[in-house]
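Shown next, in structure tokens, is the structure this report addresses.
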Number of protein chains: 2
Amino acid sequence: MEQILPHLDSVFSIDCVLFGFDGKELKILLIERNEEPFKDWWALPGNIVGPDESLDQSASRILYELTGLRGIFMEQYYAFGDPHRHPQGRVITLAYYALIRLGGDKELRPISTYAKRANWLPITDLPKLAFDHQKIYDKGLEKIKRRIKHQPIAFELLPEKFTLTQLQHVYELVLGKKLDKRNFRKKIVSFGVLKELDEKQKGVSYRAATLYRFDKRKYAKLFGKEISF
Amino acid sequence: MEQILPHLDSVFSIDCVLFGFDGKELKILLIERNEEPFKDWWALPGNIVGPDESLDQSASRILYELTGLRGIFMEQYYAFGDPHRHPQGRVITLAYYALIRLGGDKELRPISTYAKRANWLPITDLPKLAFDHQKIYDKGLEKIKRRIKHQPIAFELLPEKFTLTQLQHVYELVLGKKLDKRNFRKKIVSFGVLKELDEKQKGVSYRAATLYRFDKRKYAKLFGKEISF
DNA sequence: AATATAGTGTGTATTTTTTACACTAAGTAA
DNA sequence: TTACTTAGTGTAAAAAATACACACTATATT
């Protein structure tokens, strides 16, 4: 985030690529800037790292301030530091991504002051982004594509209880390709990190699917072993 | 690198984990500090990012200043920013790793002023490191372990012409486990990124092995396809 | 010249994993 | 009761991974 520029030689900030899933589409959170440079442009939410916080703490704080969310899986993935990436001075930024389940119960808190508004926009139809934020986003998407093949991050995008079809949908969206239903189920179940519940989907006008839950305990036991899509 | 501390709110530096291979062992480059804090301790080489250089440029410059080497594959892998990682102030550091072939033709340039001396030390027997440098190193090793399975970085550790046995040796050292000779050869050859030369190893007192070269052209064509160990 | 030594280089059978592919079952809505 | 929509399941074929042992060749030694 670059809207505040104290007169320093260099500024260190964090920008977040927040991937959200509403059950249908993958979206990211963008803000519409209210200040120069790039006034009226869409940009990734971010902020400056405080003097007494660690990087992860800072990222959590920023996420909280922008969305009201806590306890979300976040991870740094790349530092961007081109000397000219910000027109007004040297700003090195560390990019984090987070995966968030949208809709349903909690509504996201409105975004703070420095932006006109914030919006979840589908990644299939993004506007031009301020600064080098397109690059930051691109690298973030690339990252989660690789990551979702080896780590159980897909669950972060889903409600606690979900169906296998929903899970497959997430994988297909992130990876950008169709997967075979039977093979997907065979594989994901074989990892042994899902707990089948005694519950069924509700409110659908067709046969209700069985609900599953991600089993952190079992996953912890697997640690070290690679899972792979 | 933290030996210079201008009176700023925060400093942004780069630290390098330089992995070297001399044909026998994996080593990393360490310097012995000549200043407080951590005077006389071993530390990773690093330096402060200049105002007009990109992060990658800065890393290349630092590598060059410390070793005289150019054109080495380097990559950033993690930012460390605990507010107390440096006893004298806030220093956020970005870690890079590089892979370097040791010995043979070029001798490394002596290290610059701020260290008593620099040395390549085998990773199997490292001293206590200054600051959080052990953590930085650990994460770097982890990184190249994962990376070597999917990217052709092993070649950076070897001379231009190498034998398959040498290549296997590098994989075994990095991954920390023995590999089967026949299976290794089958697999690595099947990737199609090696060019078999009409040349044999020289100066050995046993049957000389065929030399190979990494074929960047062929590798470029593969791009997008995953290779995997 | 014969022999010892040390690393090179190769093939196959078995197991495991991946892929391709289509129908019946269950629940809801009309 | 029928039509509709998604859930849920198995198998055969292909590909990839693994386990495994011996003959070859260049040099050094006697």
Side-chain angles (χ1 to χ4, degrees), chain A residues 23-24 146 148-150 154 158-159 161-173 175-213 222 224-229, chain B residues 21-25 145-146 148-150 154 158-159 161-173 175-213 222 224-229:
Chain A
K24 295 249 163 81
R146 244 175 293 126
I148 205 174
K149 291 185 186 177
H150 305 290
L158 290 168
K161 299 169 183 182
F162 52 84
T163 70
L164 294 182
T165 301
Q166 289 166 344
L167 184 59
Q168 181 177 348
H169 193 185
V170 168
Y171 272 88
E172 289 179 341
L173 278 175
L175 297 177
K177 65 178 182 194
K178 285 267 167 213
L179 300 173
D180 178 85
K181 181 161 68 159
R182 278 177 290 190
N183 293 338
F184 177 83
R185 285 165 180 242
K186 209 185 309 173
K187 191 155 192 176
I188 205 91
V189 167
S190 78
F191 292 150
V193 298
L194 293 185
K195 185 179 172 70
E196 184 175 348
L197 303 176
D198 274 345
E199 242 172 301
K200 301 265 164 182
Q201 215 176 9
K202 276 179 189 157
V204 288
S205 67
Y206 45 81
R207 175 180 181 182
T210 302
L211 291 170
Y212 288 76
R213 164 184 296 163
L222 279 190
K225 287 175 200 165
E226 291 226 337
I227 64 178
S228 177
F229 253 88
Chain B
F21 180 63
D22 60 5
K24 295 246 163 83
E25 286 179 301
K145 272 191 189 182
R146 242 175 295 124
I148 205 175
K149 292 186 186 176
H150 305 290
L158 290 169
K161 300 171 184 180
F162 52 84
T163 70
L164 295 182
T165 301
Q166 289 167 344
L167 184 60
Q168 182 178 345
H169 192 185
V170 168
Y171 272 87
E172 290 179 342
L173 278 175
L175 297 177
K177 66 179 182 193
K178 285 268 164 213
L179 300 172
D180 178 86
K181 181 158 70 159
R182 279 176 290 192
N183 295 337
F184 177 83
R185 285 166 180 241
K186 209 185 307 173
K187 191 156 191 176
I188 204 91
V189 167
S190 79
F191 292 150
V193 298
L194 294 185
K195 185 179 174 71
E196 184 175 348
L197 303 178
D198 274 344
E199 240 172 302
K200 302 266 165 181
Q201 212 177 11
K202 274 175 191 160
V204 288
S205 69
Y206 45 79
R207 175 178 181 183
T210 303
L211 291 169
Y212 288 77
R213 165 182 297 163
L222 280 191
K225 288 173 198 166
E226 291 225 341
I227 64 180
S228 177
F229 252 89

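Chain naming here is simple, since letters A, B, ... match the order of the sequence lines and numbering starts at 1 in each.
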Legend entry - Donor-acceptor pair, side chain of B:Gln168 and main chain of B:Leu179, under 3.5 angstrom: yes
Inset, instruction - Please work out if B:Thr210 contacts a base, only the sugar-phosphate, or nothing of the nucleic acid, heavy-atom cut-off 4.0 Å. - result: sugar-phosphate
Legend entry - Between D:dT9 (P) and A:Glu196 (CD): distance, integer Å: 8 Å
Inset, instruction - Could you tell me which non-hydrogen atom of A:Asp180 sits nearest to which non-hydrogen atom of A:Asn183, and how far apart they are? - result: OD2-N, 2.9 Å
Inset, instruction - Mind listing the closest non-hydrogen atom pair of B:Gln201 and B:Gln166 along with its distance? - result: NE2-NE2, 4.2 Å
Inset, instruction - Check whether any side-chain heavy atom of B:Tyr171 sits under 4.5 Å from a side-chain heavy atom of B:Ile188, and report yes or no. - result: yes
Legend entry - Interatomic distance, A:Asn183 CG vs D:dT9 C1' [rounded to whole Å]: 12 Å
Inset, instruction - Give the minimum heavy-atom separation between B:Arg185 and B:Thr165, together with the two atoms involved. - result: NH2-OG1, 3.2 Å
Legend entry - Contact boundaries on DNA chain C for chain B, cut-off under 4.0 Å to non-hydrogen atoms: C:dA6 to C:dT12
Legend entry - Parallel, tilted or perpendicular: rings of B:Phe229 and B:Phe191 (30°, 60°): perpendicular
Inset, instruction - Spell out, as yes or no, whether a donor-acceptor pair under 3.5 Å connects the side chain of B:Lys187 to the backbone of B:Ser228. - result: yes
Inset, instruction - Could you tell me the separation between the CG atom of A:Asp180 and the C1' atom of D:dT11, rounded to a whole number of Å? - result: 13 Å
Inset, instruction - Select base, sugar-phosphate, or nothing to describe what B:Thr163 touches, counting heavy atoms under 4.0 Å on all strands. - result: nothing
Inset, instruction - Provide, to the nearest angstrom, the distance between the CD atom belonging to A:Glu199 and the P atom belonging to D:dA7. - result: 17 Å
Inset, instruction - Return the value, rounded to whole Å, for the distance between atom CZ of B:Phe229 and atom P of D:dA17. - result: 10 Å
Inset, instruction - Let me know the distance between CZ of A:Arg185 and P of D:dT6, rounded to the nearest Å. - result: 13 Å
Inset, instruction - Let me see the working for B:Leu167 and B:Leu194 under side-chain contact (heavy atoms from CB on, under 4.5 Å), right down to the final yes or no. - result: CA-CA 11 Å; B:Leu167 184 60; B:Leu194 294 185; 4.3 Å; yes
Inset, instruction - Do nucleotides 21-30 of chain D as a string where each nucleotide becomes B, S or -: B if the base has a protein heavy atom under 4.0 Å, S if just the sugar-phosphate does, - if no protein is that close. - result: B--BBBSS--
Legend entry - Closest heavy-atom pair and its distance - B:Thr210, B:Lys200: OG1-NZ, 3.2 Å
Inset, instruction - Could you tell me whether B:Lys186 contacts a base, only the sugar-phosphate backbone, or nothing, with contacts defined as non-hydrogen atoms closer than 4.0 Å? - result: base
